[in-house]
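Read the structure below first, then the notes.
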Amino acid sequence: MHSLSEQEIIRRNSLAALEEMGINPYPPEAFEVNANSFEIKQNFENNPDAYKSVSIAGRLMMIRDMGKACFAEIQDSKGKIQIYVKRDEVCPGEDKTLYDLVFKKYMDIGDIIGLKGYVFKTKMGEISIHVSHLQMLSKSLHPLPIVKTDADGQTHDAFTDPEQRYRHRYVDLIVNPQHREIFVKRSQLIHEMRMYFNEKNWLEVETPVLQGMHGGAAARPFKTHHNALDIPLFLRIANELYLKRLIVGGFDGVYEFGKMFRNEGMDRTHNPEFTSMEIYVAYKDYIWMMEMVETMLERVITKINGNPKVQVGSNEINFTKPYRRLSMYDAIKEYTNFDVEGKSEEELKAFCRSKNIEIDASMGVGKLIDEIFGGLVEKHLIQPTYITDYPIEMTPLAKKHRTKAGLVERFELYVNAKEIANAYTELNDPIDQRQRFEDQLKLAARGDDEAMLMDEDFLLSLEYGMPPTSGLGIGIDRLTMLLTGQEAIQEVLLFPQMKPLIK
RNA sequence: GAUCUGUUAGCUCAGUCGGUAGAGCAACGGCCUUUUAAGCCGUGGGUCUUGGGUUCGAGUCCCAAACAGAUCACCA
């Protein structure tokens, strides 16, 4: 327990004083609410009769004391509303202690209070609640940052320190309504995507988070241990291989929103746990999937933002379909005037050196092409763009391209220079899949700790026969960042991972 | 992982050349019965992130550490 500040001591003293007066600062009874701040301000002028007796609860956010009367603001989940407390109204008799002591002396900014009264409009034109009854619902013992906004919309003393905001997100949510809005939009995004998939009759499923063998992506896992079975378990890095087993099992379409866990670096675009949405649809290919994704994103974003355009920094991004489609090789040609097709490893390395792209001896042709793309092309892809047809070495779970040797049927969707979706025509040939896993094992033997492992049960499922299928993964955090114009993943995660503070 | 920047009151921030620690808001005591970043008068509140060092003397200079942010590299 830390030593108490002056303000904390004063609040604890107020708490004790209330108790001595027989007032429970944390009453157990439900407090019936029949209105909220937003709908009162929205509807009062059209229908004043409906607000002659309101009961509302919220957090006390500001007090403008004028002696025997007082204006204050309370905040509920929908916003703020001004209240007007007049001494002779709340204390009609001789005894003025409710006003003088309970309200003015022992109630503080941050306390959660319940009140009853009628709605009126002040001389200054602000819709307010004229209070006839008020009571403490929960005493706040820790002073809240005071953020004020003036008539010009200028914010004073904003609570802005990211560390404080992430470590004490509840405080951020109380005093920064614009941050609350991010999480409302995040929820709407997931809701609208789910609605879209459900309309198509694709099935929402849940697959294991704890996996005996991690697979489906190239990444280092978190390892844990199951006591009763006495076996190691891994937190999933992807759910791809389980979702495909469900397509083998006969579902036409399955999808899952879920947390993935990757034991890697943290920065403003990476958190150790993140949310992805993966979907697999039978009898489709990646060309179909491109059309599905652009149709879905245009609709979902329009529903949430009112139009398909989103402002991110200085870029206005337009999610109206169709999105540009560009093969990886053509994209490199367009932005560098260099044609990687048919080039040898040495020729590619020479080009990388000429462009100051870092390379090392272990990189093969596929990896070098990926480096060139990442270093010289990605930054140009601001408007939604599908990059298609990737080198086979990097993509062990996608089907070989129908016409182009050495490539797979894969696309990634780039928006604002970042990858937000990844999709394949899924590999359903069990012989080829086994060969791809064996190639991965060779990488692992050379020390690649992100190489995929041989998953015999997954291979067995493919041997039973998986229909031709297209699959897609979308990074929900990154899509939320785009949708809300945020540049740090921590801003779209309620509780981002933070290093512990050592006392 | 590298580089740079930051850490001072509950919050937002000043702090000069190394010489008794400052402001606004919040808090506390007054005045004020339609104010709105309310106002007016008065008061209190600090292990200057932590640990070393230099110095008669360190918030300030030096070294190290912790945490955070930005930029870069890698991963979604």
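Every value quoted in this text rests on a predicted model; they were computed, and no experiment measured them. In what follows, chains are A, B, ... by sequence order, proteins preceding strands, each numbered from 1.
- Within 4.0 Å (heavy atoms only), Phe159(A) reaches sugar-phosphate atoms of the nucleic acid but no base atom.
- One N or O on the side chain of Gln440(A) and one on the backbone of Met452(A) form a donor-acceptor pair closer than 3.5 Å.
- Gln188(A) has its side chain out of reach of Thr480(A): every pair of non-hydrogen atoms, C-beta onward, lies at least 4.5 Å apart.
- A27(B) is paired with U43(B) under the criterion used here, namely a Watson-Crick or G-U wobble arrangement in which both key atom distances are under 3.5 Å.
- Atom name P, nucleotides G44(B) and A21(B): the rounded distance is 16 Å, in whole Å.
- Nearest nucleotide to the side chain of Arg64(A), out of A37(B), C75(B), U35(B): U35(B).
- Distance Met66(A) CE to C32(B) P: 12 Å, rounded to the nearest Å.
- Under the 3.5 Å distance criterion, the side-chain polar atoms of Arg169(A) are left unmatched by any main-chain donor or acceptor of Phe495(A).
- Remark: side-chain polar atoms of Arg436(A) are paired, donor with acceptor, to backbone N or O of Ala398(A) under 3.5 angstrom.
- Between A9(B) and A26(B), the distance separating the two C1' atoms is 10 Å to the nearest Å.
- Under the Watson-Crick or G-U wobble criterion, with both distances below 3.5 Å, G22(B) is paired with C13(B).
- Checking U12(B), A37(B), U33(B) against the side-chain heavy atoms of Ala151(A) singles out A37(B) as nearest.
- Counting any heavy atom pair closer than 4.0 Å across all strands shown, Gln164(A) reaches sugar-phosphate atoms only and no base atom.
- Within residues 119-132 of chain A, the residues having any heavy atom closer than 4.0 Å to RNA chain B are, in order of number, Phe120(A), Thr122(A), Lys123(A), Met124(A), Glu126(A).
- In this structure a side-chain-to-backbone donor-acceptor pair under 3.5 Å is missing from Asn271(A) to Met266(A).
- As rounded to the nearest Å, C67(B) and C62(B) have P atoms that lie 22 Å from one another.
- Rounded to whole Å, atom P of G10(B) lies 18 Å from atom CD1 of Ile174(A).
- Base pairing of U5(B) is made with A68(B), judged by Watson-Crick or G-U wobble geometry with both donor-acceptor distances under 3.5 Å.
- Lys41(A) places a side-chain N or O within 3.5 Å of a backbone atom of Lys80(A) that can act as its donor or acceptor partner.
- Using a 4.0 Å heavy-atom cutoff across all strands shown, Lys499(A) reaches sugar-phosphate atoms only and no base atom.
- Residue-level contact check: Ala158(A) touches the backbone only, with heavy atoms under 4.0 Å from sugar-phosphate atoms and none from bases.
- Note: CD (Glu487(A)) to C1' (U71(B)) measures 13 Å, nearest angstrom.
- Within the nucleic acid shown, Met62(A) comes within 4.0 Å of sugar-phosphate atoms alone, with no base atom in reach, counting heavy atoms only.
- Between U7(B) and U47(B), the two C1' atoms lie 15 Å apart (nearest whole Å).
- Contact annotation for Glu371(A): backbone-only contact, meaning every heavy-atom pair under 4.0 Å involves sugar-phosphate atoms and none involves a base.
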Return a table of donor-acceptor pairs under 3.5 angstrom between the side chains of residues 84-92 of chain A and protein atoms on other chains or two or more places apart.
unit_1   : atom_1 : unit_2    : atom_2 : d
Arg87(A) : NH1    : Asp100(A) : OD2    : 3.3
Asp88(A) : OD1    : Lys96(A)  : NZ     : 3.0

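- If you take atom P in U5(B) and the same atom in U20(B), they sit 28 Å apart, rounded to whole Å.
- Between the P atoms of U16(B) and C41(B), the separation comes to 29 Å (whole Å).
- Regarding Asp152(A), its CG atom lies at a distance of 13 Å from the C1' atom of U36(B), rounded to whole Å.
- For Glu487(A), the CD atom counts as loosely surrounded, since its 6.0 Å shell holds 12 or fewer non-hydrogen atoms of other residues, nucleotides or ligands.
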**Message:** For nucleotides 21-28 of chain B, give me one character per nucleotide, 5' to 3': B if any protein heavy atom sits under 4.0 Å from the base, S if the only such contacts are to the sugar-phosphate, - if neither.
**Reply:** ---BSBSS
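- Regarding Lys68(A), its NZ atom lies at a distance of 17 Å from the P atom of U35(B), rounded to whole Å.
- Mapping Ala219(A) and Ala72(A) onto RNA chain B by nearest heavy atom places Ala72(A) at the nucleotide closer to the 5' end.
- Going from atom CD of Glu264(A) over to atom C1' of A73(B) covers 14 Å, rounded to whole Å.
- Residue Gln311(A) places its CD atom among more than 12 non-hydrogen atoms of other residues, nucleotides or ligands, all under 6.0 Å distant.
- One atom, CG of Leu4(A), and another, P of G44(B), lie 22 Å apart when rounded to the nearest Å.
- Rounded to whole Å, the separation between the C1' atoms of U43(B) and U50(B) comes to 33 Å.
- The backbone N or O of Tyr323(A) sits nowhere less than 3.5 Å from a side-chain atom of Tyr386(A) that would complete a donor-acceptor pair.
- Contact annotation for Lys379(A): no contact, since no heavy-atom pair falls under 4.0 Å across all strands.
- Comparing the same atom, C1', in G53(B) and in U60(B) gives a spacing of 15 Å after rounding to whole Å.
- For Arg268(A), the listed nucleotide lying nearest its side chain is A70(B); candidates were C67(B), A70(B), C11(B).
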Atom pairs and distances, side-chain donor-acceptor, residues 115-124 of chain A, under 3.5 Å, sequence neighbours left out:
unit_1    : atom_1 : unit_2    : atom_2 : d
Lys116(A) : NZ     : Ser55(A)  : OG     : 3.4
Tyr118(A) : OH     : His130(A) : ND1    : 3.1
Lys121(A) : NZ     : Glu45(A)  : OE1    : 2.7
Thr122(A) : OG1    : Met124(A) : N      : 3.3
Thr122(A) : OG1    : Gly125(A) : N      : 3.3
Thr122(A) : OG1    : Glu126(A) : N      : 3.1

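- Relative to the six-membered ring of Tyr424(A), Arg410(A) misses at least one condition, a distance below 6.0 Å or an angle of at most 45° to the axis.
- Remark: A38(B) base-pairs with no nucleotide; criterion is Watson-Crick or G-U wobble with both hydrogen-bond distances under 3.5 Å.
- Residues that satisfy the salt bridge (Lys or Arg N to Asp or Glu O under 4.0 Å) test with Lys244(A), not counting sequence neighbours, are Glu240(A), Glu426(A).
- Under the 4.0 Å criterion applied to side-chain N and carboxylate O atoms, Glu163(A) and Arg167(A) are assigned as salt-bridge partners.
- At a threshold of 4.0 angstrom between heavy atoms, the contacts of Arg167(A) are confined to the sugar-phosphate backbone, with no base atom among them.
- The environment of CD in Glu20(A) is sparse: at most 12 heavy-atom neighbours from other residues, nucleotides or ligands sit within 6.0 Å.
- Asn13(A) comes within 4.0 angstrom of no nucleic acid atom, judged by non-hydrogen atoms across all strands.
- Between the side chain of Gln82(A) and the base of U35(B), a donor-acceptor pair under 3.5 Å is found.
- Between the CD atom of Gln497(A) and the P atom of A68(B) there is a distance of 10 Å, rounded to whole Å.
- Applying the 3.5 Å distance criterion, the base of C32(B) shares a donor-acceptor pair with the side chain of Asp65(A).
- Residues from residues 35-45 of chain A with heavy atoms under 4.0 angstrom of RNA chain B: there are none.
- Across all strands shown, nothing is found opposite G57(B) as a Watson-Crick or G-U wobble partner with both distances under 3.5 Å.
- Across all strands, Asp267(A) comes closer than 4.0 Å to base atoms (heavy-atom distances).
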